[in-house]
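Numbering starts at 1 and runs along the sequence shown.
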Amino acid sequence: MEPVVLVAAGYLLGSVLPAEFFVRWKTGRTPHEFRDNPGGGGAWRLAGPLPGLITILFDLGKGALPTAIALRAGFSLPWLIAAAVAPVVGHCWPFYKVIRRDRGGRGLGPATGALFVLAFREVVPAYVLGALAAYRFRWLPSVGIVAFPLSLLLLWVWKVPPERFAVAFAVMLVVLIRNVNLLWTVLRTRGAERPH
C-alpha cells in the first residue's frame, strides 16, 4: 500500500465518530448539543453502556489499524508518524466538521489504539494508573493526563526503539494540542470545572 493512501484512509477512518450516531439515535441530538464529547465516554453517558463500549472499541481500532499496517509495511519514520497520527487528527478534526469550523472528539481512543500497537507492554502500566486516576476523580480525561507522560517515561526507561518513541510522542502531541483548552480550564479553575 502506498503511504499517502494509508494516511488519507486513516484520516477518513478517524473522522467516523460512532458516538454521534449512537447519541443521535438514542436522543435525537448530538453529544456537542449536550456539551459532551463525541467519544466513548460521551456515548456511554448519553446512549448507554453498549453504545459506549462499541464506540471505545471502534476508536481504539481506528488508531491501531493504520499504525499496524504502516509498521508491517516498513514505512519510513515520517510516513509511520503520519499513518499513526492521521486517525487521531481525523477523530479530533473530522473533515465534515472542519468545514463548519467545528471539532470532533478529544483523540484519546485512537491515540490509545496507536500506542498499544507501538509499545503495548510499555504503555499498559501507564494506562492502568490512568484508569485508576479516572476512577478516583470520576473524570475520563484523567486517563490520558496520567498515561501519556508516564508512557513516555516508560518508553524511555525500557529503551523502546527511537522510531517508536518518536511516533508515540507525535501521537500524544496531537492529543495535547486538541486538549489545551480543556487542560487550561482545569488549571484555571483548580479542578472545579472539568469539562467532558
At their closest point, which heavy atom of [X] faces which heavy atom of [Y], and how far apart are they?
| X | Y | result |
| --- | --- | --- |
| Ala170 | Ile81 | CB-CG2, 3.7 Å |
| Gly105 | Asn37 | CA-OD1, 3.3 Å |
| Gly10 | Pro66 | CA-CG, 4.0 Å |
| Pro51 | Ala43 | O-CB, 4.0 Å |

Worksheet item: What side-chain hydrogen bond (donor to acceptor under 3.5 Å, both in side chains) pairs are there with at least one residue in residues 171-180, not counting sequence neighbours?
Response: Arg106-Asn179
Worksheet entry | Qualifying side-chain hydrogen bond (donor to acceptor under 3.5 Å, both in side chains) pairs with a residue from residues 166-175, counting only residues at least two apart or across chains | none
Can you list the residues that meet the side-chain contact (heavy atoms from CB on, under 4.5 Å) rule with [X], with sequence neighbours excluded?
| X | result |
| --- | --- |
| Arg29 | Thr27, Glu33, Phe34 |
| Leu71 | Thr67, Leu80, Val117, Leu118, Arg164 |
| Arg72 | none |
| Val186 | Trp139, Arg194, Pro195 |

Discussion item. Does Trp25, at its CH2 atom, have more than 12 non-hydrogen atoms belonging to other residues, nucleotides or ligands within less than 6.0 Å?
Written reply: no
Without placing hydrogens or testing angles, list every side-chain donor-acceptor pair under 3.5 Å for residues 119-136, not counting sequence neighbours.
residue: Tyr127; atom: OH; partner: Thr112; partner atom: OG1; Å: 2.8

Hey, can you pull the donor-acceptor pairs under 3.5 Å for the side chains in residues 12-22, sequence neighbours left out?
residue: Ser15; atom: OG; partner: Tyr11; partner atom: O; Å: 3.1
residue: Ser15; atom: OG; partner: Phe95; partner atom: N; Å: 3.3
residue: Glu20; atom: OE1; partner: Tyr96; partner atom: OH; Å: 3.3
residue: Glu20; atom: OE2; partner: Lys97; partner atom: NZ; Å: 2.6

Fill in: Residues that Phe165 engages under ring-ring contact (aromatic ring centres under 6.0 Å, His included), provided they are two or more places apart
none
Worksheet entry | Sequence neighbours excluded, every pair satisfying salt bridge (Lys or Arg N to Asp or Glu O under 4.0 Å) that has a member inside residues 73-85 | none
Discussion item. Under the ring-ring contact (aromatic ring centres under 6.0 Å, His included) definition, can you give me all pairs with a residue in residues 37-61, not counting sequence neighbours?
Written reply: none
Worksheet entry | Test log, rule side chain to side chain contact (heavy atoms under 4.5 Å, CB included), inputs Met172 and Leu115 | CA-CA 9 Å; Met172 292 179 203; Leu115 292 171; 3.8 Å; yes
Discussion item. Could you go through Asp36 and Thr30, starting from their C-alpha distance and side-chain angles, then the distance that decides it, and tell me whether this counts as side chain to side chain contact (heavy atoms under 4.5 Å, CB included)?
Written reply: CA-CA 9 Å; Asp36 211 326; Thr30 68; over 6 Å; no
